[in-house]
*Asks:* 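Here it is, the structure, as structure tokens.
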Amino acid sequence: MKLALYLPNFRDKVTVAELAELTALAEDLDFDSVWTLDRIIVPESSDRGEMQYPFGMLDEMGKQLPVSSRGEFLQGMPLLPWLAAKTAKVRIGMSIIDTPYRSPGVLAAELATIDHLSGGRLNVAVGSGWMPEEFAAASAAHIFPKRHKHVRETIEIMQGIWTNEVFEYHGEFADFEPAGFGAKPVQKPHPPIFFSGLKDPKRSAGRIAQYGLSGWIGIQDSPEDIKRWRTEIQGELGRLDTARTVDELEISSMIWFVITPVDVDQSPAGKGTNLLVGSQRQITDQLKRYQEAGLTMPFLWPPFADVPVSKTLDDLKRLKQEILPELDAR
């Protein structure tokens, strides 16, 4: 099982020094990758629990974000070139890039440059976004009703720009004549592309199959959820008559992670379940269940509040030095 660290750049207060400490430790512990979070705004309506939709359009998550509209969170995209310079081994990425907030051609060109800055260690994860208030702040309110189509066009444009000397595209969200966009990515034919889908396995599998993507990223998925997603993605891959199987994909989920001194209640509570929040014994048992379910890379996600970075640093060391050896021995 690979390990990914989901940096807590989306918090009421976080410092660059704290993110640097976490990143350095992930590299020292031979993590597979380090990822940032894409969040452009927190609407003031969130402070009152009055957003238009709950987080991720997932009913159990509520209509209030865990970070205040007055929070001093850091943007995820500018952290990618910083991560490229700060690291030498781990792969880097942002989970996930909400494509409607970015011009597809500009995004493709900038990501190619970041792949060079990292020496070919960039992962690209894309999704449609879910918050109308954020679309408005990004001057993309008109895209919200067609956001899934925007993701499709962005994938087509990225792959086209990355694999052709010159490229043209004529779609709804981008329309340009043949042009060159500079350096191609270091990775050939291009960086791995992940699709983030939270509700619709059919759509996720369709994107993965149609565009030859490298994996899927969920959020707070239980082992049972992982089994269901794998089964449904495999079924859709088969329906689309592709030779690919789900075993060839990276199956990941962003999961809150804290090691507690005593057992905690891990009763099912939908996306709010304490999946990787628990005692060392509970986390070892849960990781074994994830392993058996087919989760290939958990994104270890420090909570938004109440857990200092120093605690997360200690927890990551314990996970790597104590929990994983015990897991491997089972």
Side-chain angles (χ1 to χ4, degrees), residues 4-10 19 33-42 55-57 73-84 90-118 120-135 137-140 143-144 146-162 169 171 173-174 181 185 187 190-200 203-204 207-208 210-219 250 252-254 297 299 301:
L5 174 62
Y6 203 18
L7 285 178
N9 60 289
F10 184 56
L19 298 182
S33 47
V34 175
W35 302 71
T36 64
L37 185 149
D38 191 16
R39 181 91 292 126
I40 306 299
I41 68 156
V42 174
F55 179 90
M57 293 187 172
F73 52 95
L74 298 175
Q75 296 292 322
M77 185 65 82
L79 288 171
L80 289 181
W82 175 81
L83 281 173
V90 295
R91 299 188 62 79
I92 62 173
M94 183 165 75
S95 180
I96 48 88
I97 299 171
D98 291 318
T99 69
Y101 308 154
R102 283 103 186 170
S103 163
V106 174
L107 176 65
E110 291 179 344
L111 291 175
T113 294
I114 294 172
D115 199 42
H116 278 269
L117 293 174
S118 67
R121 292 181 288 118
L122 179 67
N123 289 337
V124 177
V126 296
S128 62
W130 58 270
M131 191 199 308
E133 299 92 335
E134 194 165 51
F135 277 71
S139 301
I143 299 177
F144 186 79
K146 300 180 179 180
R147 60 195 183 279
H148 300 298
K149 184 177 181 182
H150 191 279
V151 177
R152 295 198 303 272
E153 289 197 7
T154 297
I155 294 172
E156 291 168 0
I157 290 167
M158 289 192 304
Q159 292 179 334
I161 288 173
W162 291 341
Y169 192 85
F173 302 106
F181 287 75
Q187 299 175 86
H190 52 70
I193 302 175
F194 294 71
F195 183 78
S196 180
L198 304 183
K199 299 183 71 173
D200 188 346
R203 179 183 291 125
S204 296
R207 300 288 182 275
I208 290 166
Q210 182 178 358
Y211 299 112
L213 307 187
S214 296
W216 169 85
I217 301 172
I219 182 171
E250 200 78 81
S252 308
S253 187
M254 303 169 279
M297 186 168 66
F299 283 41
W301 190 357

*Asks:* Do any pairs count as a salt bridge (charged side-chain N to carboxylate O under 4.0 Å, His left out) and have a residue in residues 125-134, sequence neighbours left out, and if so which ones?
*Replies:* R39-E134
*Asks:* Within a strict 4.5 Å, meaning less than it, do heavy atoms of the V126 and I96 side chains meet?
*Replies:* no
*Asks:* Rounded to the nearest 0.5 Å, how far does CZ of R203 lie from CZ of F195?
*Replies:* 6.5 Å
*Asks:* What orientation do H190 and W162 show, parallel under 30°, tilted 30 to 60°, or perpendicular over 60°?
*Replies:* tilted
*Asks:* Taking the side chain as every heavy atom from C-beta outward, state whether L213 and I155 have any atom pair closer than 4.5 Å.
*Replies:* yes
*Asks:* What distance separates L111 CG from L80 CG, expressed to the nearest 0.5 Å?
*Replies:* 7.5 Å
*Asks:* As an exercise, state the distance from CD1 of I143 to NZ of K149, rounded to the nearest 0.5 Å.
*Replies:* 11.5 Å
*Asks:* F299 vs W35 aromatic rings, parallel, tilted or perpendicular, using cut-offs 30° and 60°?
*Replies:* tilted
*Asks:* Set out, in order, the CA-CA distance, both residues' side-chain angles and the distance that settles side-chain hydrogen bond (donor to acceptor under 3.5 Å, both in side chains) for Y211 and Q159, then state yes or no.
*Replies:* CA-CA 9 Å; Y211 299 112; Q159 292 179 334; over 6 Å; no
*Asks:* Got a sec, which residues hit side-chain hydrogen bond (donor to acceptor under 3.5 Å, both in side chains) with T99, two or more places apart in sequence or on another chain?
*Replies:* H150
*Asks:* Yes or no on salt bridge (charged side-chain N to carboxylate O under 4.0 Å, His left out) for D38 and R102, after CA distance, side-chain angles and deciding distance?
*Replies:* CA-CA 12 Å; D38 191 16; R102 283 103 186 170; 2.6 Å; yes
*Asks:* Could you tell me if the side chain of W301 sits less than 4.5 Å from the side chain of I219, heavy atoms only?
*Replies:* yes
*Asks:* When you measure from the side chain of R91 to the backbone N and O of L122, does any donor-acceptor pair fall under 3.5 Å?
*Replies:* yes
*Asks:* For D98 and Y101, indicate whether the former's side chain and the latter's backbone hold a donor-acceptor pair under 3.5 Å.
*Replies:* no
*Asks:* How long is the gap from CZ on F173 to CD on E156, to the nearest 0.5 Å?
*Replies:* 11.5 Å
*Asks:* If you define the side chain from C-beta out and look only at heavy atoms, does anything of R121 sit under 4.5 Å from L83?
*Replies:* no
*Asks:* Run the side chain to side chain contact (heavy atoms under 4.5 Å, CB included) check on N123 and M94 step by step: do they pass?
*Replies:* CA-CA 8 Å; N123 289 337; M94 183 165 75; over 6 Å; no
*Asks:* Please name the pair of heavy atoms, one in P132 and one in F144, separated by the smallest distance, quoted to 0.1 Å.
*Replies:* CG-CZ, 3.7 Å
*Asks:* What I'd like to find out is whether the side chain of E153 reaches to under 4.5 Å of the side chain of K146, using heavy atoms alone.
*Replies:* no
*Asks:* Taking C-beta and beyond as the side chain, do L107 and I157 meet within less than 4.5 Å on heavy atoms?
*Replies:* no
*Asks:* Test your reading of the model: is there a side-chain donor-acceptor pair from N9 to the backbone of L37, 3.5 Å cut-off?
*Replies:* yes
*Asks:* Roughly how far, to the nearest 0.5 Å, is the CZ atom of F194 from the OG atom of S214?
*Replies:* 6.0 Å
*Asks:* After noting the C-alpha distance and the side-chain angles of I92 and L79, does the key distance pass the side chain to side chain contact (heavy atoms under 4.5 Å, CB included) rule?
*Replies:* CA-CA 10 Å; I92 62 173; L79 288 171; over 6 Å; no
*Asks:* Between S33 and V90, is there a donor-acceptor pair closer than 3.5 Å when you use the side chain of the first and the backbone of the second?
*Replies:* no
*Asks:* To check you understand the geometry: which heavy-atom pair defines the closest contact between S128 and P100, and what is its length?
*Replies:* O-CG, 3.4 Å
*Asks:* For residues 108-118, pull every pair meeting side chain to side chain donor-acceptor pair (under 3.5 Å), keeping only residues two or more places apart or in separate chains.
*Replies:* D115-Q187
*Asks:* Treating S252 as the side-chain partner and I217 as the backbone partner, does any N or O pair qualify as donor plus acceptor under 3.5 Å?
*Replies:* no
*Asks:* Evaluate side chain to side chain contact (heavy atoms under 4.5 Å, CB included) for Y6 paired with T36, printing each intermediate quantity in order.
*Replies:* CA-CA 6 Å; Y6 203 18; T36 64; over 6 Å; no
*Asks:* Looking at side-chain heavy atoms only, is the closest gap between M254 and S95 below 4.5 Å?
*Replies:* yes
